[in-house]
Each structure stands twice: as structure tokens, then as C-alpha cells.
4 protein chains.
Amino acid sequence: MDASILTIQPGSPEPIYRQIVEQLRRLIAGGQLRAGELLPSVREVAGFHAINPMTVSRAYGLAENDGLLERQRGKGMVVATSDNASHNQGARLRLLEPHLQQAARHAHELELPAEKVLRRLQQLLED
Amino acid sequence: MDASILTIQPGSPEPIYRQIVEQLRRLIAGGQLRAGELLPSVREVAGFHAINPMTVSRAYGLAENDGLLERQRGKGMVVATSDNASHNQGARLRLLEPHLQQAARHAHELELPAEKVLRRLQQLLED
Amino acid sequence: MDASILTIQPGSPEPIYRQIVEQLRRLIAGGQLRAGELLPSVREVAGFHAINPMTVSRAYGLAENDGLLERQRGKGMVVATSDNASHNQGARLRLLEPHLQQAARHAHELELPAEKVLRRLQQLLED
Amino acid sequence: MDASILTIQPGSPEPIYRQIVEQLRRLIAGGQLRAGELLPSVREVAGFHAINPMTVSRAYGLAENDGLLERQRGKGMVVATSDNASHNQGARLRLLEPHLQQAARHAHELELPAEKVLRRLQQLLED
DNA sequence: GTGGTCTAGACCACG
DNA sequence: GTGGTCTAGACCACA
């Protein structure tokens with residue numbers, strides 16, 4: 001597994017370690033990372049994205065705490081065998097829900113017509 | 001103007017002062033707060049939402065720095081006379097853009113079909 | 001609240017940050033730390049026990065993740081309002097269970113008579 | 001001697017090699033493994049418990065260093081001829097002491113009555 | 001090789 | 001004042 005599966009935005013207000021955890025959560029739920037799959041090592045990720053290994057290590061540790069990853073001693077971290085429940089579309093949509101709610105609230109405050117907002121999101125989704 | 005125009009989410013990772021500033025920016029751009037309109041006092045807002053007055057004061061100060069509000073001696077803060085440019089639909093859509101981009105990226109990581117995402121956002125926008 | 005509520009054993013194989021988390025869990029379950037109580041600050045604990053502030057911070061963060069503590073912005077960490085379920089004697093005994101099981105297994109491997117083991121534990125409990 | 005004398009808990013925070021060494025120490029002190037007795041081979045233990053042979057080998061090496069085992073060329077590892085001192089009850093109780101102390105400390109933090117703790121340990125010892 | 005822990009110290013965010 | 005994040009680097013534990 002390549003360190004390039006992860007995307008890091010260094011300038012974001014969201015801390016790097018949490019970007020990693022949440023991204024892993026989504027990639028696993030979405031099936032792009034499958035149970036048992038070996039993740040890139042802490043050092044690989046840190047080197048590839050030019051961040052501190054401890055930051056990656058912290059993310060991996062939290063993801064393990066959350067049941068997303070499992071430590072395989074001497075080998076590295078692998079994707080945990082998750083309950084199938086977290087893979088169905090409803091569960092995945094629920095992970096997106098807060099963002100959609102926020103977008104809707106903001107659109108309302110901006111008095112933007114629903115049609116415009118939806119069209120723009122559609123464009124972005126088509127990439 | 002009533003302190004209830006503002007919605008505060010105390011548990012959010014987004015700091016309270018920024019919730020206020022960004023919400024003011026959107027309400028002004030969207031026309032729900034008009035130039036010259038008097039804002040609720042720091043004490044009113046703080047009391048109503050049970051938050052620290054200093055937090056509200058800081059938000060108002062930053063909003064003033066951003067040219068969103070103006071201090072009127074003896075009266076309080078009023079909505080500044082803004083250039084018309086910030087009211088047009090393109091500008092307003094641009095304020096929403098980052099959230100839409102983030103939602104699109106997450107939807108992609110979750111392997112969610114565009115159609116489902118758009119339908120859910122449409123529901124939320126219809127409230 | 002004094003930094004002396006926490007006991008740290010620097011030489012233990014159990015990492016310091018986990019010693020803190022688990023100790024907090026027990027002190028809260030046992031009622032020695034009550035809901036809403038303010039914990040000693042990261043810097044206080046670190047200074048008192050001569051350990052690195054980040055180690056304490058890490059423990060506090062994990063305890064927050066576990067729902068043991070809550071961050072009160074600008075004030076510090078307070079004991080979370082826990083469900084009463086975790087305070088009853090059964091739940092508390094369950095937190096001790098793994099240690100008792102391990103002790104029993106070891107006593108068995110050592111072929112020690114139950115009576116001797118129980119008498120020694122009784123002595124230790126009477127302190 | 002069968003590989004089933006050893007109990008391994010792969011998920012435990014205690015490293016596997018140390019589980020083995022300490023368990024050997026107790027089984028020998030308790031007399032369940034007697035001087036001269038042949039231990040199961042590294043391969044047998046590793047195969048039976050599905051762990052890495054190197055881990056078993058390391059454990060055997062450390063146990064040899066500690067004077068618990070002796071390497072007999074062409075045969076394998078046998079239980080060393082130990083001084084009688086390590087077999088007396090006081091010495092065996094001393095091996096259990098740290099666990100009992102820890103249990104007592106935790107019980108105290110949990111504000112559990114001594115009587116309940118002792119009764120539970122008694123139950124577990126009766127297995 | 002893998003991840004884990006801890007330190008020392010800088011800097012930021014928040015109230 | 002509070003906690004949070006990140007870095008740089010040392011050292012350990014494990015397979």
C-alpha cells in the first residue's frame with residue numbers, strides 16, 4: 001500500500017493527525033481500504049508528506065483506539081475486520097451528514113437558491 | 001435586533017468566536033442583516049447563549065476589523081455599509097465553495113453516488 | 001484539586017500516559033473524583049511529577065476521548081457527567097476483574113494455597 | 001512435554017516473549033515443571049499457538065539466561081536444576097506479591113470493600 | 001524492519 | 001491563565 005492514498009492539507013485548521021484518522025474512516029467505510037490490508041508505515045507516510053513521524057503515529061494510535069486499525073506486531077498496521085454495518089450506504093451517508101447539514105445551514109444564511117447550490121455540488125462531484 | 005439571530009454550537013470544534021464572525025458574514029452577505037442595523041449587545045448575546053462575554057466581544061472586534069461591523073459610540077455595533085459586490089450571488093456562492101469542495105471530497109472517499117448525496121442535500125435545503 | 005491525587009510509577013512497564021488514564025477511570029468510578037470537578041492543569045501535574053507536559057496532555061486527551069473528562073474551554077479539564085451505571089459496585093468490580101483473574105492464574109501456576117494468597121491480599125487491603 | 005502447558009494471550013499488552021518467560025518461572029517454582037524435564041520445541045510451541053518462532057526462541061534464550069532452562073545439545077531445552085530456595089512457599093508468594101499490591105491499590109482507588117474483593121478472588125482461586 | 005514512549009521546546013488557539 | 005499541535009531527536013520493545 002502506497003503512502004499516496006492519504007491526502008494531507010498542511011494549512012487546514014483541522015489538525016493533521018485528525019485529517020488522517022477521519023480520512024481512514026471514510027476510505028475504510030467506502031471500501032477503498034479493505035479489511036486486513038497493510039497500511040503504509042509511519043515512516044513512509046511521514047516521509048512522503050514531509051510531516052513528523054510522531055504525528056502519523058498518533059493518528060494510527062487513535063485509529064486503533066477507534067477500532068479502525070489493528071496492530072500486527074512486527075509488520076505494521078492493518079485495516080481491522082469491521083462490522084459490515086459500517087459499510088452500507090446508509091452508514092456512509094451518515095458520515096457525510098454533518099457536512100451536508102452545515103452546507104445547508106450556510107446556504108440558508110446566504111439566502112442562496114437551492115438550485116444554484118445543488119448545481120455547483122454536482123459539478124464538484126463529477127470530478 | 002434579537003440575540004436569537006445567532007446560532008451557537010458550543011460543542012463544535014469550530015471556535016465560538018469564529019462561528020459568530022462567519023455567521024455574521026453570511027447573514028450580512030445574504031441580506032438578513034442590513035446596513036445600519038443595530039446588533040444585540042455583547043451582554044445580550046453572551047447571556048442568551050450562555051457563553052463568555054469576552055468571546056462575543058472578540059468576535060465583534062474581529063468583525064469590525066473585517067469591515068463587517070462598525071462601532072457607533074454610545075449605541076453599539078451596527079452593520080457596516082458594505083460594497084454591493086459582496087452581495088451578488090457569485091460572491092455568496094464563493095463563501096460556500098470550500099464547504100462544498102470538502103463535502104465532494106468526502107463523498108468521493110466514501111464512494112457515495114452523486115445522486116444520493118445531491119438528493120440528501122436537496123432535502124436539507126428545503127427546510 | 002491537587003496534583004497529588006495522581007500516583008505515577010516512572011519505572012513501570014505500563015506507560016505513564018496510560019497509568020494516568022486508568023487511574024482517572026478508577027478514581028472517577030470510585031467517586032473520589034466527582035462529576036464537574038476541575039482537574040489539576042497539565043502543567044501542574046507535569047511539574048509535580050517531573051514528567052513532560054505532553055505526556056500529561058496526551059493522557060487527558062485520551063481520557064476525554066473515553067468520555068471520562070470534558071474540556072472546559074479556558075478553564076481546564078473537568079470530570080465528565082458520567083452515567084450512573086459506571087458507579088455501581090458491580091461495574092467497579094468489573095474494572096478490577098482482569099487483575100484478579102491474572103492473580104488467580106498465577107497463583108495456580110505457582111501452586112500456592114488459596115488461603116495464603118487471600119491472607120496476603122487482605123493484609124494489603126487493610127492499608 | 002506438550003506445547004499446551006503454556007497459555008498465550010496474543011492480545012495482551014504484556015509482550016508474548018515475557019508471558020512465556022514469566023509463566024515458565026512460575027510453573028518451575030510451583031513444581032509443575034521439574035528439573036530435567038524436556039520442554040516442547042520452539043517449532044512446536046510456535047505452531048501450536050500460532051506465534052512467531054523467533055518470539056519463542058527469544059523467550060527460551062532469556063529463560064536460559066535467567067537460569068530457568070538449560071540447553072542440551074541435540075535434545076533441546078530442559079528445565080534447569082534449580083536451588084531449592086526458589087521452591088519454598090515464601091519465594092513463590094514473593095513472585096505473586098507485585099500483582100497483589102497492584103490489585104490492592106486499584107481496589108482502593110475504586111473504593112471497593114475488602115470483603116467483596118477477597119470473596120471474588122476466592123471464587124477465582126477455586127477453579 | 002515495525003510501532004511506542006518520552007523529552008525539550010516552540011508556537012498557536014482560546015477565554 | 002488553559003489545553004493543543006507539531007517538530008526534532010533519542011531510545012526502547014517487538015518480530
Side-chain angles (χ1 to χ4, degrees), chain A residues 8 10-20 38-46 49-65 69-78, chain B residues 10 12-20 46 51-59 61-62, chain C residues 8 10-20 38-46 49-65 69-78, chain D residues 10 12-20 46 50-59 62:
Chain A
I8 305 295
S12 164
E14 189 179 16
I16 294 173
Y17 77 87
R18 202 173 311 161
Q19 289 182 41
I20 295 175
L38 186 64
L39 287 163
S41 78
V42 166
R43 292 158 170 89
E44 267 181 281
V45 175
H49 291 103
I51 57 181
N52 191 296
M54 202 190 188
T55 303
V56 182
S57 179
R58 189 179 178 186
Y60 276 14
L62 288 172
E64 186 192 13
N65 246 17
L69 304 183
E70 278 168 8
R71 259 177 55 201
Q72 218 153 66
R73 304 208 250 204
K75 267 184 77 177
M77 305 294 276
V78 300
Chain B
S12 164
E14 188 179 12
I16 294 171
Y17 81 89
R18 202 177 308 165
Q19 289 183 41
I20 296 176
I51 57 181
N52 194 314
M54 208 203 282
T55 306
V56 182
S57 179
R58 186 181 182 186
L62 289 171
Chain C
I8 305 294
S12 164
E14 189 180 15
I16 295 173
Y17 77 87
R18 202 174 311 162
Q19 289 182 40
I20 295 176
L38 186 64
L39 286 163
S41 79
V42 166
R43 291 157 171 88
E44 268 182 278
V45 175
H49 292 101
I51 56 180
N52 190 294
M54 201 189 188
T55 303
V56 183
S57 179
R58 189 178 178 186
Y60 276 15
L62 288 172
E64 187 191 13
N65 247 15
L69 304 183
E70 278 168 8
R71 259 177 55 202
Q72 217 153 64
R73 304 208 249 204
K75 268 184 75 178
M77 305 293 276
V78 300
Chain D
S12 165
E14 189 180 11
I16 294 171
Y17 81 89
R18 202 177 310 164
Q19 290 183 40
I20 296 175
I51 57 181
N52 194 314
M54 207 203 283
T55 306
V56 182
S57 178
R58 185 182 181 186
L62 288 172

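Chain letters run A, B, ... following the sequence lines, proteins first, then strands; residues in each count from 1. Predicted, not measured: the structure shown is a model, and the values here were computed from it.
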Seminar exercise, completed: Rounded to whole Å, CG of C:Leu39 lies from P of F:dT2 at a distance of 13 Å
Exercise. Just how far, in rounded Å, is P of F:dT2 from CE of B:Met54?
Worked result: 15 Å
Problem set entry | Full working for side-chain contact (heavy atoms from CB on, under 4.5 Å) between A:Ile16 and A:His49 | CA-CA 11 Å; A:Ile16 294 173; A:His49 291 103; over 6 Å; no
Exercise. Atom NE2 of A:His49 and atom C1' of F:dT7: how far apart are they, to the nearest Å?
Worked result: 18 Å
Problem set entry | Euclidean distance, atom CG of residue C:Leu69 to atom C1' of F:dT2 [Å, nearest integer] | 14 Å
Problem set entry | Length of the CG-P vector between A:Leu62 and E:dG4, whole Å | 11 Å
Problem set entry | Minimum heavy-atom distance A:Leu38-A:Lys75, with the two atoms named | CD1-O, 4.1 Å
Seminar exercise, completed: Of F:dG3, F:dT7, E:dG3, the nucleotide closest to the side chain of A:Tyr60 is E:dG3
Exercise. Going from CZ on C:Arg71 to CD on C:Glu64, what distance comes out if it is rounded to the nearest 0.5 angstrom?
Worked result: 6.0 Å
Exercise. Once you round it to whole Å, what is the distance between P of F:dA15 and CD1 of D:Ile51?
Worked result: 8 Å
Could I get a table of every N or O pair under 3.5 Å where one atom is in the protein and the other is in nucleotides 11-14 of chain E?
| residue | atom | partner | partner atom | Å |
| --- | --- | --- | --- | --- |
| E:dC14 | OP2 | B:Tyr17 | OH | 2.6 |

Tabulate below the donor-acceptor pairs under 3.5 Å that side-chain atoms of residues 52-63 of chain C make, not counting sequence neighbours, or state none.
| residue | atom | partner | partner atom | Å |
| --- | --- | --- | --- | --- |
| C:Asn52 | OD1 | C:Met54 | N | 2.7 |
| C:Tyr60 | OH | C:Pro40 | O | 2.7 |

Problem set entry | For D:Glu14, all residues meeting side-chain contact (heavy atoms from CB on, under 4.5 Å), sequence neighbours excluded | C:Gln102, D:Ser12, D:Arg18, D:Gln19, D:Glu22
Exercise. Closest nucleotide of DNA chain F for A:Gln19 versus for C:Gly76: which of these residues is on the 5' side?
Worked result: C:Gly76
Seminar exercise, completed: Rounded to whole Å, the CG-C1' distance (A:Asn52 to E:dT7) equals 13 Å
Problem set entry | Distance below 4.0 Å between A:Ser57 side-chain N/O and E:dG4 OP1 or OP2 | yes
Exercise. What's the spacing between A:Ile51 CD1 and A:Ile20 CD1 if we round to 0.5 Å?
Worked result: 4.5 Å
Problem set entry | Secondary-structure stems, DNA chain F, at least 3 Watson-Crick or G-U base pairs under 3.5 Å | E:1-14 with F:1-14
